[in-house]
Amino acid sequence: MKKLFIAAMLFVGIASFAQDTDQKPQREQRERMTPEQRNEKQFQKLTTELSLDASQQAQVKQLLADRSAKAEKFREARKDNTTKPTAEEKAAFKKQMEDEVAANDAKMKSILKADQYTKWKSLQEEKKDKMREKVKEYKKENN
């Protein structure tokens, strides 16, 4: 009887241990950065990647600050609205975001030299591809 009891406990212990390995791994929590910290990090990356001169650095820093302020304004407006947006509101917001991206793109084109601009566009595409992969991973995990 003792051996049967020990075997049963051993089986239950192994079965419960095996279930833990099947669980989804917890995503590591990243430290939340303030908008100013994000801007500074992005500014430093752009400065090193694109070899910006002093006047370009000042213009890019101002552009990043303006863009961050607009994004914060949009975030606050969306946070205040507790109802789910309609299809028309979503389309209008998407159009507004596309206009913002186009305006930002035009400003960067005027600030950067031709080779810097092409490098910046390729960096943007890489960033976009990474985000697509993360979204695919997330959907795969949650479905």
Side-chain angles (χ1 to χ4, degrees), residues 1-54 56-109 111-113 115-143:
M1 188 72 175
K2 249 186 203 178
K3 290 180 183 177
L4 183 62
F5 180 74
I6 291 173
M9 291 302 287
L10 186 63
F11 177 77
V12 169
I14 290 173
S16 66
F17 180 73
Q19 287 178 354
D20 288 343
T21 60
D22 292 339
Q23 298 297 321
K24 293 180 186 172
Q26 292 291 327
R27 295 179 92 178
E28 67 275 357
Q29 293 294 321
R30 292 186 296 153
E31 182 180 331
R32 293 277 183 197
M33 291 192 282
T34 65
E36 292 80 21
Q37 289 172 326
R38 281 193 304 269
N39 285 349
E40 189 60 34
K41 184 178 178 182
Q42 187 175 15
F43 172 71
Q44 293 300 326
K45 183 177 180 183
L46 287 175
T47 301
T48 56
E49 292 279 333
L50 302 176
S51 306
L52 301 176
D53 62 31
Q56 287 176 325
Q57 287 180 4
Q59 291 174 329
V60 167
K61 194 168 198 166
Q62 183 62 43
L63 181 64
L64 290 175
D66 292 344
R67 193 175 71 189
S68 179
K70 285 181 183 175
E72 191 62 35
K73 185 179 77 173
F74 284 133
R75 225 176 274 121
E76 287 299 318
R78 296 211 50 147
K79 189 188 292 186
D80 292 342
N81 189 4
T82 57
T83 61
K84 193 167 184 158
T86 63
E88 295 84 27
E89 291 172 335
K90 284 182 183 180
F93 183 74
K94 186 175 181 180
K95 174 86 171 95
Q96 191 176 16
M97 288 293 103
E98 288 171 353
D99 292 344
E100 286 294 324
V101 168
N104 182 56
D105 191 65
K107 289 176 187 173
M108 283 299 274
K109 191 171 189 171
I111 294 170
L112 301 175
K113 297 175 188 158
D115 59 326
Q116 291 173 324
Y117 180 74
T118 50
K119 187 166 185 175
W120 179 72
K121 287 300 274 184
S122 68
L123 289 172
Q124 295 291 96
E125 284 301 316
E126 287 174 22
K127 191 174 168 183
K128 203 181 274 189
D129 291 342
K130 276 186 184 179
M131 286 305 293
R132 283 186 186 124
E133 288 300 316
K134 283 186 180 183
V135 167
K136 283 181 185 176
E137 241 178 67
Y138 180 77
K139 285 183 178 180
K140 188 176 174 183
E141 285 177 3
N142 292 326
N143 284 337

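When the side-chain hydrogen bond (donor to acceptor under 3.5 Å, both in side chains) test is applied to Gln62, the partners found at least two apart in sequence or on another chain are Asp66. Shown here are the side-chain contact (heavy atoms from CB on, under 4.5 Å) partners of Ser122, two or more places apart in sequence or in another chain: Lys119. Among residues two or more places apart in sequence or in another chain, the side-chain hydrogen bond (donor to acceptor under 3.5 Å, both in side chains) test is passed with Arg75 by Glu72. In this structure Lys73 satisfies the side-chain hydrogen bond (donor to acceptor under 3.5 Å, both in side chains) test with no other residue, sequence neighbours excluded. With sequence neighbours excluded, no residue satisfies salt bridge (Lys or Arg N to Asp or Glu O under 4.0 Å) with Glu49. Every residue two or more places apart in sequence or in another chain that forms a side-chain contact (heavy atoms from CB on, under 4.5 Å) with Gln42 is listed here: Leu46, Leu64, Arg67, Lys127. With sequence neighbours excluded, no residue forms a salt bridge (Lys or Arg N to Asp or Glu O under 4.0 Å) with Glu89. Residues that satisfy the side-chain contact (heavy atoms from CB on, under 4.5 Å) test with Lys139, not counting sequence neighbours, are Val135, Asn143. For Lys90, there are no salt bridge (Lys or Arg N to Asp or Glu O under 4.0 Å) partners two or more places apart in sequence or in a different chain. Partners of Thr86 by side-chain hydrogen bond (donor to acceptor under 3.5 Å, both in side chains), not counting sequence neighbours, listed by chain and number: Glu88. Residues meeting the side-chain contact (heavy atoms from CB on, under 4.5 Å) test with Lys128, sequence neighbours left out: Glu125, Arg132. In this structure, Lys3 has no salt bridge (Lys or Arg N to Asp or Glu O under 4.0 Å) partners at least two apart in sequence or on a different chain.
Interatomic distance, Lys45 NZ to Leu50 CG, rounded to the nearest 0.5 Å: 10.0 Å. The CG atom of Leu112 lies 9.5 Å from the OG1 atom of Thr118; values are rounded to the nearest 0.5 Å. Considering CD of Glu98 and CG of Asp105, their distance stands at 13.0 Å, rounded to 0.5 Å. The CD atom of Gln59 sits 11.5 Å away from the NZ atom of Lys107 when rounded to the nearest 0.5 Å.
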Stepwise side-chain contact (heavy atoms from CB on, under 4.5 Å) test for Glu40 and Met33: CA-CA 10 Å; Glu40 189 60 34; Met33 291 192 282; over 6 Å; no
Phe43 vs Leu63, side-chain contact (heavy atoms from CB on, under 4.5 Å): CA-CA, chis, key distance, verdict: CA-CA 10 Å; Phe43 172 71; Leu63 181 64; over 6 Å; no
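Put simply, the side chain of Gln37 does not reach to within 4.5 Å of the side chain of Lys41, judged on heavy atoms.
At a cut-off of 3.5 Å, with distance as the only test, no side-chain donor of Glu100 or Gln96 sits close to an acceptor on the other residue.
Scanning both residues, Gln57 and Thr47, for their nearest heavy atoms gives NE2-CG2, 3.1 Å. The shortest non-hydrogen separation linking Gln56 to Ile111 is NE2-O, 3.2 Å. Asn39 and Ala65 make their closest contact through ND2-CA, 3.9 Å (heavy atoms, listed as atom of the first residue, atom of the second, distance).
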